[in-house]
Protein chains: 2
Amino acid sequence: MKNNIKLDGTDRKILEILQRNSNITNAQLAKEIGLSPAPTLERVNKLETSGVIKSYHAVIDPAAVGLGVSTFVMASLKGHNKENISKFITAIKAVDEVVECHHITGSGDFILKIVCADIAAYQQLMLDKVSNIEVVDSLQSMVILSTFKDSKSLPIPG
Amino acid sequence: MKNNIKLDGTDRKILEILQRNSNITNAQLAKEIGLSPAPTLERVNKLETSGVIKSYHAVIDPAAVGLGVSTFVMASLKGHNKENISKFITAIKAVDEVVECHHITGSGDFILKIVCADIAAYQQLMLDKVSNIEVVDSLQSMVILSTFKDSKSLPIPG
DNA sequence: TTTTTGGCCAAATTTTATTTGGAAAACGAA
DNA sequence: TTCGTTTTCCAAATAAAATTTGGCCAAAAA
């Protein structure tokens, strides 16, 4: 649903809270925004069906499940035409370890975020599943040494 | 809690499902993993208190709330010493529009992800809040043209 | 001014989470 | 193997939460 929904201050409060913690009960949410549960729920439902809220997710600790290496990779393609881009995207979508893929301005064409177990697994992955893609020209990896901020909250404009 | 928790196949199924959709009911989750609700809930609670599941979040559509510009920014600092890094991080953490900040290997020192309303707001933000930071040497922006993959699911190793 | 609309609340109802007690399987030690 | 211990599970009862309902009130439209 792509209604041009109008958000008021209460809606923005709801969005801020649910971005920070979506496991809050409706009753608690209602208290925090200063409404009773019924209209609170109605607003949340409207935000969901209108597409403002897209989805809800658990965030897991990568280290706790054996994922020790995260990287950003800048990828350039051999040609910048639609067909090559399409081939690249199709190939990338099939790789679970590639958790993000953005088309960007600047020297590279794409930036990827990749998560895997360790450096050995990373090397194997790049060789087998990324360098491999025929339309890929060059790749430049940046390994994440540590993450200082990873906010799940977008800054909703006033 | 940082117990060295052992995950079995059922735990991994739970994590996969909750990463994809954390709004599922416990009863439905139980059905999908092939257990009854009681042990399912017990497992989820254990995953939460052991720190494997860190948090739960709603994801909102940036465009729907008036956020039209997302970028990655590579930032180099004037010196790579602890004090400068610390100053940079403190400054960056105070900027809501900077949703991610990672220390990386390679030419730049940090990569940031920034989200804001439009190019004008982005320029203003960079001038006022980022270029400004005294320890910042150089900045290179990459504007996201489109996003083809933004998975909220980490690939949990078998 | 009257009507309509939208947003709200309190309370009833339905659904879901959570607890409980105990059965079966898995495991370890003797 | 055998006995005790621990772990994991289930069904059913209970508690908590979501959701629906009906109606009130205020703001906007006619």
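Lettering of chains follows the sequences in order, A, B, ..., and the numbering in each one begins at 1.
Going from atom CG of Leu7(A) over to atom P of dG6(C) covers 17 Å, rounded to whole Å. With rounding to whole Å, Asp11(B) atom CG is found 9 Å from dT8(D) atom P. Rounded to a whole Å, the CG atom of Asn23(A) is 10 Å from the P atom of dA18(D).
Residue pairs that meet the salt bridge (Lys or Arg N to Asp or Glu O under 4.0 Å) test with at least one member in residues 18-36 of chain B, sequence neighbours left out, do not exist here.
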Letter by letter from the 5' end, nucleotides 8-21 of chain C scores (B base, S sugar-phosphate only, - none; protein heavy atoms under 4.0 Å) SBB-----SSBB--
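Between Asp11(B) and Lys13(B), no side-chain nitrogen of the basic residue sits less than 4.0 Å from a carboxylate oxygen of the acidic one, so the salt-bridge criterion is not met. A salt bridge between Arg43(A) and Asp8(A) is present, with a side-chain N of the basic residue lying under 4.0 Å from a carboxylate O of the acidic one.
By the ring-ring contact (aromatic ring centres under 6.0 Å, His included) test, His103(B) is found to be paired with Phe110(B), residues two or more places apart in sequence or in another chain being considered. When the ring-ring contact (aromatic ring centres under 6.0 Å, His included) test is applied to Phe148(B), no partner is found at least two apart in sequence or on another chain. Looking at residues two or more places apart in sequence or on another chain, you find a salt bridge (Lys or Arg N to Asp or Glu O under 4.0 Å) between Lys87(B) and Glu83(B), Glu134(B).
Within 6.0 Å of NZ on Lys149(A) lie more than 12 heavy atoms contributed by other residues, nucleotides or ligands.
Checking each of Thr71(A), Leu139(A), Ile92(A) against Leu112(A) for a side-chain contact (heavy atoms from CB on, under 4.5 Å) leaves exactly one that passes, namely Ile92(A).
Direction of the helix axis in the helix from dT1(C)-dA30(D) to dA30(C)-dT1(D) shifts by 40° between the two five-pair termini, rounded to 10°.
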